[in-house]
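Treat the numbers as computed from the prediction; the structure is a model and nothing was measured. In what follows, chains are A, B, ... by sequence order, proteins preceding strands, each numbered from 1.
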2 protein chains.
Amino acid sequence: MKPRKPNSRDKILAAAADVAREAGPGNLSLDAVANRAGISKGGLLYNFPSKARLMQALVEQYLRDFDKALEEVHSADGRKNLLSAYIRLSVEECQETEASASWIFSAIAEDPEFLTPLKTFKRQLFERLKAKTPDLKALLVTYLAIEGLRSMTLFEFHTLEDEERQLLIDSLLSLAGADSNIAG
Amino acid sequence: MKPRKPNSRDKILAAAADVAREAGPGNLSLDAVANRAGISKGGLLYNFPSKARLMQALVEQYLRDFDKALEEVHSADGRKNLLSAYIRLSVEECQETEASASWIFSAIAEDPEFLTPLKTFKRQLFERLKAKTPDLKALLVTYLAIEGLRSMTLFEFHTLEDEERQLLIDSLLSLAGADSNIAG
DNA sequence: TTGACAATACCGTCCAGACGGTACAGTAGA
DNA sequence: TCTACTGTACCGTCTGGACGGTATTGTCAA
């Protein structure tokens with residue numbers, strides 16, 4: 001479909017995430033992103049005609065990547081347990097220090113509406129999980145706990161020690177794996 | 001200790017929270033807060049000599065209020081189950097539409113360091129919970145799930161229906177209440 | 001083959017507006 | 001008289017973004 005775009009856009013998106021992480025979410029300026037991407041401000045605005053478009057692209061790329069990764073993880077173990085795949089992917093994502101999607105805070109500060117696609121994505125994913133998980137209680141608890149883990153990573157609350165964290169993950173996976181043991 | 005301060009400071013703090021919620025976290029300007037509080041900008045800067053001090057005060061007030069409320073809820077049922085009190089308080093807090101502490105996003109955008117007191121508060125609270133909760137697994141799962149609930153409220157992800165939400169809360173409370181049933 | 005034109009992908013500069021903060025003179029109540 | 005402001009004027013800085021250029025590559029008729 002697309003005529004093999006050069007990687008300028010991707011470079012800019014990555015630069016934006018880097019700037020948000022390193023300079024703080026409130027300092028995500030076009031100049032800073034342009035510098036970081038090794039491009040001029042004019043060039044940036046050529047690729048993304050406004051800051052809003054840049055934010056939008058950031059959200060869209062994140063969603064696309066997450067969806068793709070989920071599909072891979074889920075397929076890799078025979079599409080048996082979506083919840084378990086979701087947990088493992090989320091945990092993995094939270095471990096990458098490089099990830100720390102603090103550009104989300106920039107987006108919210110810019111305009112909370114930027115998160116609308118994220119909201120609908122989450123709602124749809126939850127519906128899928130609900131359809132595929134027999135034990136609703138276990139789903140609710142594990143899903144929310146993962147959401148909590150994501151939040152703590154995002155805000156950089158280092159409340160849990162490594163051991164506690166590992167114990168938590170084990171508990172969640174065993175709750176999620178319960179669909180073949182306990183299934184009502 | 002303090003000479004019965006007039007309520008100007010409180011009015012300003014409340015106004016700041018209102019502005020962040022209504023105008024968006026990125027539009028928390030001193031002018032906007034002053035207007036909202038029905039005070040002049042000079043008056044605002046008389047009470048809080050810089051925006052940083054205002055943010056700081058916002059965080060401190062939130063922490064003080066939460067701590068006080070937790071103490072009340074905990075005492076009210078005989079100081080039996082701290083985790084259960086924590087869950088009930090957090091759930092209550094998430095239900096107040098008026099709360100929606102989106103000033104947190106403003107603070108983060110301003111400077112992530114503003115959340116340092118929040119971090120230490122959370123860590124200490126978790127330690128207290130750990131000391132008082134026999135079942136560490138249950139604590140981890142419920143604590144994280146509450147953190148998830150808080151995050152979803154903050155971001156206004158309306159992923160859960162009312163029924164699902166209620167089922168979740170019941171599950172968490174029963175997990176938390178387990179300290180007298182299952183206690184190892 | 002070549003010259004004319006056009007699209008792509010930028011660069012660098014400039015500007016208007018917003019924002020935090022200062023300064024200061026005035027004032028009303030305790 | 002002191003405290004706790006109000007109100008206004010102003011400054012310096014930062015930021016989004018508009019705009020006018022430019023180098024490179026592609027297209028295509030003559």
Next on the checklist: At 4.0 Å (heavy atoms only), tell me whether B:Leu28 reaches a base, stays on the sugar-phosphate, or touches nothing.
Outcome noted: sugar-phosphate
Next on the checklist: What is the distance, to the nearest angstrom, from the CG atom on B:Asp31 to the P atom on D:dT8?
Outcome noted: 13 Å
Next on the checklist: Rounded to whole Å, please give me the gap between OH in B:Tyr46 and P in D:dT6.
Outcome noted: 11 Å
Item to check | N or O in side chain of B:Asn47 less than 4.0 angstrom from D:dC5 OP1/OP2 | outcome: yes
Checklist entry - Any idea which of D:dG17, C:dC19, D:dT6 is nearest the B:Ser40 side chain? => result D:dT6
Checklist entry - Per the atom types in the model, does the base of C:dG21 pair as donor or acceptor with the side chain of B:Lys41 at under 3.5 Å? => result yes
Checklist entry - Can a side chain N or O of B:Ser8 be found less than 4.0 Å away from OP1 or OP2 on D:dC5? => result yes
Checklist entry - Roughly, in whole Å, what's the span from CZ in B:Arg53 to C1' in C:dG21? => result 14 Å
Checklist entry - Considering residues at least two apart in sequence or located in another chain, which fulfil the side-chain hydrogen bond (donor to acceptor under 3.5 Å, both in side chains) criterion with A:Ser151? => result none
Next on the checklist: What is the distance, to the nearest angstrom, from the CZ atom on A:Phe48 to the P atom on D:dA18?
Outcome noted: 16 Å
Checklist outcome for this item: B:Asn7 CG to D:dA4 C1', in whole Å, measures 13 Å
Next on the checklist: Rounded to whole Å, how long is the line connecting atom CG of B:Asn27 with atom C1' of C:dG17?
Outcome noted: 14 Å
Checklist entry - In whole Å, what is the span from the CG atom of B:Asn35 to the P atom of D:dT8? => result 12 Å
Checklist entry - Base, sugar-phosphate alone, or nothing: which one does A:Leu45 contact when heavy atoms must sit under 4.0 Å apart? => result base
Checklist entry - B:Leu30 and B:Leu44: which non-hydrogen atoms are nearest, and at how many Å? => result O-CD1, 3.4 Å
Checklist entry - Are A:Phe121 and B:Phe157 close enough that their ring centers fall under 6.0 Å? => result no
Next on the checklist: Between B:Glu71 and B:Arg79, does any side-chain N to carboxylate O distance fall below 4.0 Å?
Outcome noted: yes
Checklist entry - For A:Lys51 and C:dA18, what is the distance between atoms NZ and C1' respectively, to the nearest whole Å? => result 13 Å
Next on the checklist: For B:Asp170 and B:Gln166, which I'm curious about, is there any donor-acceptor pair between the side chains at under 3.5 Å?
Outcome noted: yes
Checklist outcome for this item: Among the nucleotides C:dC10, D:dG16, C:dG21, whichever has the atom closest to the side chain of A:Leu30 is D:dG16
